[in-house]
Asks: 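Following this message is one structure expressed as C-alpha cells.
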Amino acid sequence: MGKKTRKKIMAGILCLIILLLTGCSGKKEESDTRSSLQSGEQTEEAAGENTEQTEEAAGENTEQTEDVTEEDGSRSNEKELRQAAAPQFIPNGIRSVSLKKDGQEFLHISKEPAEYKMSFDYWEILNPYDENATMDTEVMFEMFEELCSLRFTETVTTEEGMDTGIQDSDMGITVEYVDTTDDSQAKSVNSADTRAEIILGKEDGNGGRYAVTSNNKDEVFVLPEETLRMIYARKPFDYILKIPVLISADTVEAVELSADGEKYEIGLDTAKDSYRFGKKKVKKEEFAALYQALSEIKLVSEMEQEENGGKEDPKLSVIYRRNTGDAPDVRVSYYFYDAEFDSVEIDGKERFLVRKEEVETVIEQIKKVF
C-alpha cells in the first residue's frame, strides 16, 4: 500500500470527524470521503475494517461490535486457548500477533475493544507503544495477509543430527486467532480460541527457513524466507498513523491548552451541540477547525536520543478531559528538541519527533481564536 493511500486514510478519518462536528452530513460528501478512505489496492478484509473505522470516526452511534465481551468493553483473556500444531488462519480471524527476534519481543499487536473507542482504535501496539498510538490498519492487514500465506500443511524430513536451528532458536511468531477459514464466522466470534507459537530456525539454503510449532516440535516445516523477511522488515513505527492521538470528541468534556505559557480551555458537549472557547460560545465549525488542528501535527520519526529529564516547560500542552469514567484523560506535550524538530510526549512517554513549524502554526491558531 503506497504512502498516498495511507495519507488519504488518515485525512479521511479526520475529515469525517469534522463532518460530524460541522453538520455537513450530506450523502454525497460522506460517500466521497468514505471512497477516498477505501481507495487503493487493499484487501477485502482491510476494506471491511476501514469501513468500520470511518463510520465510527464520523460519530455514528453504532452498536458495539461482536468483539466486545465484557461490560466495560474489554476483551476477556481468561479463556484458555487451544494450542495449534498445524495452524491455519485468515486475516479477519486474527486477534493478536507477537514477533520475537534475538530473544526479544519487538512487536505485539492486539485487538483491545473498549466502549469509549472508535472501532479502528480497538487495535493497539502493546509493545513497544500503548493504547494512545493510533494503528494504521492498512499496514496491519498487509502483515496479516503475509502471515496467512504461511502454510503448515506439509512437513519435511530432516536427517538425524541436522542442525535446523530450532533447538536454540531466538526468533518466532505467536498468533492468537479464531480457528476458522470462514470469514463470516471469524467476524462473528468475540475473541480468539486458538494460539499458535511458531518457532523459526535456520535458513534451509533453498529460499526457506525451518520452523516448528511449540505444540509439536517433531514435525518440521519450511516457510518461505521472502515472506518472513517482509513480516520482520517493518518497524513498529510503520504500523501507526503519523499523528500523536486521535480522540473522538464525543468522549471529551474539555480540552485544556497551554501555549507559550498561556492557558486556555475548550468546553464541549457534542450531545447538546454546545462549544466554547473559555467563556465565549463558538459555532460548531469554529470548534471543529481547532479540534482538527490539534490532531494534524504529524509524527516524523521516533526519537534517536535519550529523553532529556531536565527539559523546560512544554511549548504546547493539550489535555483531553474525558466525559466517561472508563476513558482515561490523555496529555500530549510538545518540547523543544533541535532547530528543525520538536519532541512529543504522550502521557509521560516521549518517543516521537514532529516538525517545529507545525507546532508553532497550531500555537498561533490557538492564540488567534482565543
Side-chain angles (χ1 to χ4, degrees), residues 10 14 17 106 121 124-136 235-249 251-268 275-280 282 286-323 327-370:
M10 185 170 69
L14 292 171
I17 292 176
F106 70 92
D121 204 25
E124 297 181 9
I125 301 185
L126 302 181
N127 187 14
Y129 306 138
D130 50 42
E131 70 170 312
N132 289 324
T134 306
M135 181 71 71
D136 185 338
K235 298 178 181 179
F237 190 69
D238 298 330
Y239 286 96
I240 62 173
L241 291 179
K242 304 306 181 283
I243 52 178
V245 295
L246 182 59
I247 297 174
S248 171
T251 69
V252 177
E253 65 180 9
V255 182
E256 297 175 5
L257 304 170
S258 176
D260 284 346
E262 296 293 328
K263 296 186 182 301
Y264 311 89
E265 181 173 296
I266 302 171
L268 64 147
Y275 310 93
R276 60 179 174 81
F277 291 163
K279 296 182 179 180
K280 179 180 66 174
V282 296
E286 295 177 81
F287 161 76
L290 182 56
Y291 195 82
Q292 182 185 21
L294 297 174
S295 297
E296 285 189 323
I297 298 174
K298 305 297 188 301
L299 304 180
V300 176
S301 67
E302 290 185 320
M303 292 178 61
E304 294 183 1
Q305 299 177 199
E306 294 291 329
E307 294 183 32
N308 179 10
K311 57 180 177 287
E312 299 177 354
D313 292 339
K315 297 168 57 177
L316 171 65
S317 178
V318 184
I319 303 175
Y320 296 88
R321 300 294 186 191
R322 312 300 276 274
N323 58 19
D329 292 347
V330 177
R331 179 192 293 268
V332 183
S333 300
Y334 299 86
Y335 294 90
F336 174 85
Y337 184 78
D338 61 21
E340 185 177 1
F341 300 107
D342 288 335
S343 65
V344 56
E345 179 185 87
I346 305 171
D347 280 349
K349 296 180 181 178
E350 191 177 13
R351 293 192 181 103
F352 306 112
L353 296 180
V354 297
R355 296 198 181 280
K356 184 179 298 294
E357 61 265 25
E358 293 190 8
V359 177
E360 293 170 353
T361 297
V362 172
I363 291 174
E364 290 304 312
Q365 187 171 348
I366 292 169
K367 292 178 179 179
K368 182 177 180 180
V369 299
F370 278 89

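One is the number of the first residue; the rest follow in order along the sequence.
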Asks: Under 4.5 Å between any side-chain heavy atoms of Lys367 and Ile363, yes or no?
Replies: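 Lys367 vs Ile363: side chains touch.
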Asks: Mark yes when over 12 heavy atoms from residues, nucleotides or ligands other than Arg276 sit less than 6.0 Å from its CZ; otherwise mark no.
Replies: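 Counting other residues, nucleotides and ligands, CZ of Arg276 exceeds 12 neighbours.
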Asks: Determine the minimum heavy-atom distance between Val362 and Ala293, stating which atoms define it.
Replies: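 For Val362 and Ala293, the tightest heavy-atom pair comes out as CG2-O, 3.7 Å.
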Asks: Roughly how far, to the nearest 0.5 Å, is the CG atom of Leu257 from the NZ atom of Lys263?
Replies: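 CG of Leu257 is found 10.0 Å from NZ of Lys263.
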Asks: Identify the residue among Tyr334, Tyr129, Tyr337, Tyr335 that makes a ring pair (Phe, Tyr, Trp, His ring centres under 6.0 Å) with Phe352.
Replies: Tyr129
Asks: Let me confirm one number: the CD1-CZ distance from Ile346 to Arg331, rounded to the nearest 0.5 Å.
Replies: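 Reported value, rounded in 0.5 Å steps: 13.0 Å.
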Asks: Report the C-alpha distance between Leu299 and Ile240 in whole Å, list the side-chain angles of each, state the deciding distance to 0.1 Å, and finish with yes or no for side chain to side chain contact (heavy atoms under 4.5 Å, CB included).
Replies: CA-CA 10 Å; Leu299 304 180; Ile240 62 173; 4.1 Å; yes
Asks: Report the distance from atom CD1 of Ile243 to atom CG of Leu294, rounding to the nearest 0.5 Å.
Replies: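 Output value for this atom pair is 12.0 Å.
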Asks: Between Pro236 and Ile125, which heavy-atom pair has the shortest distance, and what is it?
Replies: O-CD1, 3.9 Å
Asks: Calculate, to the nearest 0.5 Å, the distance between atoms CD and CG belonging to Gln292 and Leu246 respectively.
Replies: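 Rounded to the nearest 0.5 Å, the CD-CG separation comes to 10.5 Å.
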Asks: Below 4.5 Å, heavy atoms only, C-beta onward: do Pro314 and Glu345 meet side chain to side chain?
Replies: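 Pro314 does not reach Glu345 side chain to side chain.
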Asks: Side-chain contact, heavy-atom cut-off 4.5 Å: Phe370 with Lys280?
Replies: no
Asks: Determine whether a donor-acceptor pair (N or O, by modelled atom type, separation under 3.5 Å) exists between the side chain of Lys242 and the backbone of Phe237.
Replies: yes
Asks: Mind running salt bridge (charged side-chain N to carboxylate O under 4.0 Å, His left out) on Asp329 and Arg322 for me, showing each step along the way?
Replies: CA-CA 6 Å; Asp329 292 347; Arg322 312 300 276 274; over 6 Å; no
Asks: Nearest 0.5 Å, please: how far is CG in Asp121 from CD in Glu131?
Replies: 7.5 Å
Asks: With a 4.5 Å limit on heavy-atom distance, are the side chains of Tyr264 and Val369 in contact?
Replies: no
Asks: I'd like to know whether Glu360 forms a salt bridge (charged side-chain N to carboxylate O under 4.0 Å, His left out) with Lys315, so could you lay out the CA-CA distance, the side-chain angles of the two residues, the decisive distance to 0.1 Å, and finally the verdict.
Replies: CA-CA 9 Å; Glu360 293 170 353; Lys315 297 168 57 177; 3.7 Å; yes
Asks: Using side-chain heavy atoms (C-beta onward) and a distance below 4.5 Å, is Ser295 in contact with Val245?
Replies: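 No, too far: nothing below the 4.5 Å cut-off.
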Asks: Would you mind reporting whether Asp130 and Arg351 have side-chain heavy atoms less than 4.5 Å apart?
Replies: yes
Asks: With a 3.5 Å distance limit and no angle check, can you tell me whether Lys298 reaches the backbone of Glu296 through a side-chain donor-acceptor pair?
Replies: yes
Asks: For the residue pair Val354 and Phe341, establish whether any side-chain heavy-atom pair is separated by less than 4.5 Å.
Replies: no
Asks: Please test Phe287 against Val255 for side chain to side chain contact (heavy atoms under 4.5 Å, CB included), starting from the C-alpha separation and ending with a verdict.
Replies: CA-CA 11 Å; Phe287 161 76; Val255 182; 5.5 Å; no
Asks: Do Asn323 and Val252 have side-chain heavy atoms sitting under 4.5 Å apart?
Replies: no
Asks: Over 60° means perpendicular and under 30° means parallel, so classify the ring planes of Tyr320 and Tyr291, tilted if in between.
Replies: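 The arrangement is perpendicular - the two ring planes meet at more than 60°.
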Asks: Any donor-acceptor pair under 3.5 Å linking the side chain of Asp347 with the backbone of Val330?
Replies: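 Here the side-chain-to-backbone pair does not exist.
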Asks: Looking only at atom types and distance, does a side-chain atom of Lys356 sit under 3.5 Å from a main-chain N or O of Phe336, one as donor and one as acceptor?
Replies: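 No.
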Asks: Count the heavy atoms belonging to other residues, nucleotides or ligands that lie under 6.0 Å from NZ of Lys235, then report whether that count exceeds 12.
Replies: no
Asks: Look up atom CD in Gln365 and atom CG in Leu290, then write down how far apart they are to the nearest 0.5 Å.
Replies: 5.5 Å
